[in-house]
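The next block holds one structure in the form of structure tokens; read it before the comments.
It should be emphasised that the depicted structure is a prediction, and the values quoted were computed from it without experimental measurement. A note on names: the letters A, B, ... follow the listed sequences, proteins ahead of strands, and every chain is numbered from 1.
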Amino acid sequence: MRVSQLFGTTLRSAAEGELISHQLLLRAGFVQQLAAGIFSYLPLGQRSLEKIRTILREEIDAIGGQELSMPVVHPGELWQRSGRWQKVDQTLVRFQDRRGRDMALAMTHEEVVADLTAAQVSSYRDLPRIVYQIQTKFRDEPRSRGGLIRTREFLMKDSYSLDRDYQGLQSAYRRHFRAYFRIAARAGLPVAAVLSDVGMMGGGMAHEFMYLSEVGEDTLIFCPSCGYAANQEVAESRAEAAEVAPMVAVEEVPTPGSTTVAEVAAVLGVEADRIAKTVAYTAEMARGQTGTLVLAVVPGNVEVNLAKLRNVTGAIELRVATEAEIAAAGGVAGYMSPVGLDKVAVFADDRLSRKRNLVAGANRAGWHLRNFNLDRDCPTATVVPLASVVSGEACVNCGHSLELRRGIEFGNIFQLGTEYSQSMGATFTDESGHSQQVVMGSYGIGLGRMLACAAEEHHDERGLALPISLAPYQVALVSVGADREVVDLAERTYTELRGLGLEVLWDDRDVSPGVKFADADLRGMPLRVTISPRSIKAGGAELKRRRGDPFTVQADQAAASAASQVRLMEEEMSSWVDQQMLPVEDLIKNTLGECP
RNA sequence: CGGGGCGUGGUGCAGGGGUAGCACGCCACUUUUGGGAAGUGGAGGUCGCAGGUUCGAAUCCUGCCGCCCCGACCA
């Protein structure tokens, strides 16, 4: 491709966006935004995306995946059958066709896969199978973020495993686990697998693959000693020993004006963790239904974990209750506790049941209670882990002190089980002639996000520095000036490079050399071949890696040398991948157990 | 949805009741050609939208819309 013919230009500056990946992808002319969270991919971005597609196809094919393609528009009836029509909030875009039928834009494809399976699979001989597609999803996120990190319309590789039993599911899960590490490594991304919430997918175990980054939106809990890794949404810590002090009678104490944990702690002279903090939420149990009040009680030094609360309440949406809602239930904002509020569902963090004689609200303005004991004073509470794990708490497995990191979710894997098979009637006949439900797994990777992560990981002050596996072109050919000799050699080298099967972007524009170099760097071209009066005088052509030192090769060897440089970079990449894969088998054994 | 910020040529910005400006980019010609060249000439803007105030609105007022950032959600 000649730059003079390329659709799309580089920009000197970009105002939009905080994230470096967002800015660079805009400036390098990879993407252009159409609306909030909706992007076009320009030819350069499209080529990088195509490389990602190829990696995904190769790796999912390698574990037995078969590519297919499913619709973007689904009949609402399908989602009604699975129950998600009611469960999922506005993230699922609903509309009606001309006949007034409910329709939905695909945000994921479990329903459709299960529906396909119902028709295509009928015998145990038809299992196991893995099917996948690389296709557009639309999720009307409340807020898109960080350029390509979170968009509303995005490309996703989604695969689905179909098995006759849970042992088969384990095997498919494991193969995806391994493949995801390879996929990330081939994109130059170091990732960690963490236990995760199943969210709207339902089902059993789930892992997220996280690219560790300070700009990540997720908080992750790691144990440096035993390798425990979990998203904070589901992370657990080891329980402290129960206190043995005798329970003392409850006593009301005045705390006028003290409505926060810090204020109450100061007034009463206790530590924050000696306070039972009560937070009221309004829980929406189904779409369109009026909310009901639920109380979450946690130690004053930690936060209520909404993912955990959502799971334990079964709510589809939770928001902090208003003062009016609290008052309607008999509570007083700032002085709340579950004591005496019989009609409200109460969920309490298990840490509280091991503590004795705490401070709690008195449900009376200006007053708190001393000597609150969860078991005695609120026996109706559901006691579960409800608070977020914080840095320094003890690992559930080994007791070592836990650490917090930030990460961007690049992919996830879910063990779904038979939930969708059941609602769509995906069954098969086993050897004994009995009908069984197909056991499903679901596995996603966002392509645009993967590109954004790669840009976060691989850049410098000059621009992108994508790994050769993702760069839109392997070689930037830069011709300097319009001398006959230069143009002839450039023309010849361009032809030869392409003849050798290399992807070349020739900057043949009539602009100054500085512009060409700056653009090649900004676009992150892995290898630069410069042909100029100076390089010819020095013996031929100059080769330079994106972050390496330049060297000169003979004119008639320019293409061949460039080709061997490219091959070298590809080999380096693949040995890096091998190195990344070294610990993975042990990791699988440790996190998923011995292979079934 | 709550909070904050911003909407002015392609891009980045200034202006703040009376002529719409700057830089980069773009077009033409000339001179240039190793790290975002120089000169000359030129094209390009319903100042987000609607209403209002005013002799007069990009500017003031009201409402709406859009985008970015922070929170609740996700690949």
Side-chain angles (χ1 to χ4, degrees), chain A residues 8-19 22-23 26-27 29 32-38 52 56 88-92 107-108 134-158 180 196-197 199-201 208-211 217-218 231 233 281-282 304 306-307 309-310 316-320 322 408-414 442-453 462-463 478-483 486 509-522 528 530-538 542 544 550:
Chain A
T9 184
T10 54
L11 298 173
R12 286 258 177 127
S13 49
E16 299 282 289
E18 292 279 301
L19 295 193
H22 188 189
Q23 290 173 11
L26 286 173
R27 285 186 50 209
Q32 186 179 314
Q33 184 165 351
L34 182 64
I38 301 178
I52 291 174
L56 289 165
V88 178
D89 65 4
Q90 310 240 306
T91 306
L92 177 67
M107 56 183 294
T108 176
I134 295 167
Q135 196 245 25
T136 300
K137 302 280 185 276
F138 194 91
R139 298 184 184 177
D140 195 3
E141 300 282 350
R143 184 161 85 85
S144 45
R145 250 206 68 185
L148 294 186
I149 294 290
R150 178 151 87 236
T151 53
R152 295 191 295 167
E153 179 181 308
F154 60 101
L155 273 176
M156 179 160 111
K157 183 290 297 172
D158 44 329
Y180 273 34
S196 68
D197 188 33
M200 67 162 177
M201 292 297 182
E208 289 167 342
F209 288 75
M210 291 284 182
Y211 162 56
E217 352 173 51
D218 287 276
N231 193 310
E233 292 173 352
Y281 292 89
T282 298
V304 175
L306 282 178
L309 184 61
R310 189 171 300 113
I316 63 163
E317 194 166 330
L318 282 173
R319 57 175 174 77
V320 174
T322 62
I408 300 172
E409 181 182 352
F410 122 99
N412 62 21
I413 58 180
F414 293 97
S442 156
Y443 316 85
I445 288 181
L447 280 78
R449 183 179 284 185
M450 208 168 142
L451 180 59
C453 289
R462 290 178 169 173
V478 173
S479 52
V480 176
D483 287 5
V486 168
R509 293 175 297 173
D510 180 22
V511 295
S512 75
V515 173
K516 298 186 180 188
F517 293 147
D519 278 352
D521 286 344
L522 177 58
R528 194 179 80 196
T530 308
I531 292 170
S532 67
R534 186 195 287 187
S535 77
I536 288 175
K537 199 174 291 175
E542 177 197 272
K544 181 184 174 300

For [X], answer base if it contacts any base atom (sugar-phosphate contacts may also be present), sugar-phosphate if it contacts only those atoms, and nothing otherwise; contact means non-hydrogen atoms under 4.0 Å.
X	value
Ala36(A)	sugar-phosphate
Leu306(A)	sugar-phosphate
Val478(A)	nothing
Thr151(A)	base
Gly146(A)	sugar-phosphate
Asp158(A)	nothing
Arg27(A)	base
Glu18(A)	sugar-phosphate
Ser13(A)	sugar-phosphate
Ala35(A)	sugar-phosphate

Determine the interatomic distance between [atom1] on [N] and the same-named atom on [M]; round to the nearest Å.
N	M	atom1	value
rG39(B)	rA23(B)	P	11 Å
rC55(B)	rA50(B)	P	22 Å
rC24(B)	rC67(B)	C1'	23 Å
rG66(B)	rC29(B)	C1'	42 Å
rG15(B)	rA58(B)	C1'	9 Å
rA14(B)	rC64(B)	C1'	27 Å
rA75(B)	rG35(B)	C1'	39 Å
rC61(B)	rC27(B)	P	42 Å

Whom does [N] pair with, Watson-Crick or G-U wobble, provided both distances fall under 3.5 Å?
N	answer
rC29(B)	rG39(B)
rG44(B)	none
rC6(B)	rG66(B)
rG71(B)	rC1(B)
rA57(B)	none
rA14(B)	none

Self-check item: Full working for salt bridge (Lys or Arg N to Asp or Glu O under 4.0 Å) between Asp158(A) and Lys137(A)
Solution: CA-CA 10 Å; Asp158(A) 44 329; Lys137(A) 302 280 185 276; 3.0 Å; yes
Practice problem: Specify the residue among Gly481(A) and His22(A) whose closest nucleotide of RNA chain B lies further upstream toward the 5′ end. | Solution: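 First, find each residue's nearest nucleotide; the 5'-ward one identifies Gly481(A).
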Exercise. Assign each of Arg449(A) and Ser535(A) to its nearest nucleotide of RNA chain B by heavy atoms, then name whichever residue's nucleotide is nearer the 5' end.
Key: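 Per heavy-atom nearest nucleotide, the more 5' residue is Ser535(A).
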For atom [atom1] of [X] and atom [atom2] of [N], their distance in whole Å:
X	N	atom1	atom2	result
Ile38(A)	rA75(B)	CD1	P	18 Å
Phe410(A)	rC74(B)	CZ	C1'	15 Å
Phe154(A)	rA75(B)	CZ	P	7 Å
Gln23(A)	rC67(B)	CD	C1'	15 Å
Arg150(A)	rC70(B)	CZ	P	10 Å
Lys537(A)	rG34(B)	NZ	C1'	12 Å
Asp519(A)	rC24(B)	CG	P	17 Å

Self-check item: Where the chi angle of rU62(B) falls, syn if within 90° of 0 and anti if not
Solution: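 Classified anti.
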Of the candidate nucleotides [options], which contains the atom at the shortest distance from the side chain of [X]?
X	options	answer
Glu542(A)	rG35(B), rA72(B), rG34(B)	rG34(B)
Leu522(A)	rG36(B), rU11(B), rA75(B)	rG36(B)
Arg12(A)	rC68(B), rG25(B), rC73(B)	rG25(B)

Polar side-chain atom of [X] near backbone of [Y] as donor-acceptor pair, under 3.5 Å:
X	Y	value
Ser535(A)	Ser532(A)	yes
Glu141(A)	Arg143(A)	no
Lys516(A)	Arg509(A)	yes
Arg152(A)	Arg139(A)	no

N or O in side chain of [X] less than 4.0 angstrom from [N] OP1/OP2:
X	N	answer
Gln90(A)	rC73(B)	no
Ser512(A)	rA37(B)	yes
Arg143(A)	rC70(B)	yes
Arg139(A)	rA75(B)	yes

Tell whether [X] reaches the base of [N] with its side chain through a donor-acceptor pair below 3.5 angstrom.
X	N	value
Thr530(A)	rG34(B)	no
Arg534(A)	rG35(B)	no
Asp89(A)	rC73(B)	no

Quiz item: Should we say atom CD of Gln32(A) is surrounded by more than 12 heavy atoms from elsewhere, each under 6.0 Å from it?
Solution: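 No, because the 6.0 Å sphere around CD of Gln32(A) holds 12 heavy atoms or fewer from other groups.
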Exercise. Answer yes or no on whether Arg528(A) is positioned over the face of Phe517(A), meaning its NZ or CZ is under 6.0 Å from the six-membered ring centre and within 45° of the axis.
Key: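 Relative to the ring axis of Phe517(A), which defines the angle, Arg528(A) lies inside both limits.
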Quiz item: Between Phe517(A) and rG34(B), do the rings stack, that is, sit under 5.5 Å apart with planes less than 30° off each other?
Solution: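 Phe517(A) vs rG34(B): stacking no.
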Quiz item: Say you draw a straight line from CE of Met450(A) to CG of Leu155(A); how long is it, rounded to the nearest 0.5 Å?
Solution: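 Taking CE in Met450(A) and CG in Leu155(A), the distance rounds to 12.0 Å.
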Quiz item: Shortest non-hydrogen contact from Leu522(A) to Arg27(A)?
Solution: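 So the minimum-distance heavy-atom pair works out to CD2-O, 3.6 Å.
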